[in-house]
Amino acid sequence: MKSAALTELDTLKAEFAISLTAAEAASDDAELQRLRSSFFGPKGKVTLLLRSVGQLPAEERPVAGKVINQVRQELEGQLVLVLSRHEELARKAALSSHRLDTTLPGRQPVPMGAVHPVHRVVARMTELFVRMGFEVATGPEVELDELNFGALNFPDDHPARDMQDTFFVRAPDERSFGRLLLRTHTSPVQVRQMRAEGAPIRIIAPGRVYRCDSDASHSPMFHQIEGLWVEEGVSFAHLKGVLTSFIHSFFGERGVRFRPSFFPFVEPGAEVDIGCVFCGGKGCRVCKHTGWMEILGAGMVHPNVLEACGIDAEKNTGFAFGVGVDRIAMQLYGIDDLKHLFTSDVRFLESL
Ligand code: DAH
């Protein structure tokens with residue numbers, strides 16, 4: 001004979017089944033929650049029934065407790081299942097009512113950035129030298145006087161220093177550091193790399209340089225690319241070959257002229273001109289009617305420089321060059337004032 005508690009349990013089960021089916025059919029979430037608390041909440045029917053087990057005769061308690069608990073778990077499981085089915089349906093409905101077509105074009109055009117003209121030139125030049133086996137090196141923009149001048153064979157107080165108007169930097173401890181300055185050219189990277197790697201060495205070093213100078217064709221900050229190749233047997237013929245090949249790849253076939261020039265760190269030294277990119281050599285306003293444009297300085301690395309970098313100058317020879325990038329960018333893009341390149345007026349840059 002069944003105890004009263006278990007009979008009541010059967011009734012509750014039947015009642016629960018009816019209510020659950022009704023709430024599910026009506027897709028009524030609130031009703032499902034109410035059902036949950038009225039059966040299984042702290043004052044729910046099943047909870048109270050379970051609590052009443054304590055008042056049953058001792059021999060009935062274990063069985064009644066166990067059965068009620070089982071039923072509670074089973075019913076609660078059914079309810080959770082229905083609830084999660086509901087949630088899933090609600091999510092699907094929300095997704096299909098807010099459908100997002102990711103294939104539609106945007107309503108506002110996204111502004112596209114572009115590489116700065118100077119950096120475009122640097123990147124193209126760098127790529128050409130890398131293809132000829134040069135590695136890219138860098139150095140600091142705040143440099144030691146000793147590396148910017150001294151090791152490059154500019155004696156202290158020599159008038160050759162006046163070729164480069166220098167920004168000196170006040171260093172916190174000049175006595176242990178030596179004098180500091182904003183590098184006036186990328187040539188100190190040669191010294192750093194030769195001291196670090198020795199020979200053979202084949203590098204290019206693009207970067208910013210600074211001089212106390214400012215007008216339509218001079219900016220206090222500008223860009224250079226330094227090149228250096230030191231190895232046994234490197235001659236002036238290699239210098240001419242590498243630079244001519246670079247010029248032809250970068251500017252196309254045209255005249256190339258090597259003019260003797262002086263730089264303390266090379267001997268012999270040269271300046272290199274190319275047939276004007278505008279008139280092809282006939283003479284125009286840009287080339288001041290000479291037909292030529294100067295683009296770089298170069299020469300055979302001075303033995304004093306090799307020795308100052310710990311390289312045996314009896315055994316090794318090499319050449320170096322320095323290209324001014326900004327002036328080339330100005331000519332290629334037809335820019336008449338250097339400052340346009342650095343004032344970062346987007347309207348101007350967009351017009352290029
Ligand atoms: N550093 C020189 C300048 O800024 C350019 C230069 C000339 C670099 C001859 C070189 C070189 O490496 O060999 O005027």
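Each ligand, and each atom within it, is numbered from 1 in the order the structure gives. Everything numeric in this text was worked out from a predicted model, so none of it was measured.
- Relative to the ring axis of Phe250, Arg124 places its NZ or CZ within 45° and under 6.0 Å from the centre.
- Using a 4.0 Å cut-off between heavy atoms, Met163 makes no contact with ligand 1 at all.
- Close approach to Gln164 involves these atoms of ligand 1, each under 4.0 Å from a residue heavy atom: 3 (C), 4 (O), 14 (O).
- With no hydrogens or angles considered, no side-chain donor-acceptor pair links His248 and Ser245 at under 3.5 Å.
- Short contacts between ligand 1 and Phe321, defined as distances under 4.0 Å to a heavy atom of the residue, involve ligand atoms 8 (C), 10 (C), 11 (C), 12 (O), 13 (O).
- In summary, the atoms of ligand 1 found under 4.0 Å from a heavy atom of Gly299, numbered by their order in the structure, are 13 (O).
- Remark: Glu87 does not engage Arg91 in a salt bridge, criterion side-chain N to carboxylate O under 4.0 Å.
- Of all atoms in ligand 1, listed by their number and element, those nearer than 4.0 Å to a heavy atom of Gln190 are 12 (O).
- Using a 4.0 Å cut-off between a side-chain N of Lys or Arg and a carboxylate O of Asp or Glu, Glu350 and Arg347 do not qualify as a salt bridge.
- Taking every heavy atom of Val266 and a limit of under 4.0 angstrom, the matching atoms of ligand 1 come to 13 (O).
- The distance between the ring centers of Phe40 and Phe16 falls below 6.0 angstrom.
- Atoms of ligand 1 lying under 4.0 Å from any heavy atom of Gln224, numbered from 1 in the order shown and given with element: 3 (C), 4 (O).
- When the heavy-atom distances from atom 3 (C) of ligand 1 to His302, Arg211, Glu226 are ranked, the shortest goes to Arg211.
- Between Arg72 and the options Val67, Val46, Thr47, a side chain to side chain contact (heavy atoms under 4.5 Å, CB included) holds for only Val46.
- Salt bridge Lys288/Glu294: absent, no basic N to carboxylate O contact under 4.0 Å.
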Working for side chain to side chain contact (heavy atoms under 4.5 Å, CB included), residues Val242 and Thr244: CA-CA 6 Å; Val242 165; Thr244 306; over 6 Å; no
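- Residues Asp345 and Thr343 bring no donor and acceptor atom of their side chains to less than 3.5 Å of each other.
- When only non-hydrogen protein atoms are considered, atom 1 (N) of ligand 1 lies nearest to His185 ND1, 2.8 Å.
- The part of Ala298 lying near ligand 1 is the backbone, judged by heavy-atom distances below 4.0 Å.
- Here the two rings, on Phe129 and Phe321, have centers that are under 6.0 Å apart.
- Distances from atom 10 (C) of ligand 1 to the heavy atoms of Phe265, Phe222, Phe263, Phe262 put Phe265 nearest.
- The protein non-hydrogen atom at the shortest distance from atom 5 (C) of ligand 1 is Gly322 CA, 4.2 Å.
- Which parts of ligand 1 touch Ser187 is read off a 4.0 Å heavy-atom cut-off, strictly below it: atoms 1 (N), 8 (C).
- At the shortest separation from atom 7 (C) of ligand 1 among protein heavy atoms lies Gly297 C, 3.5 Å.
- Here the heavy atom of the protein found nearest to atom 13 (O) of ligand 1 is Ala320 O, 3.1 Å.
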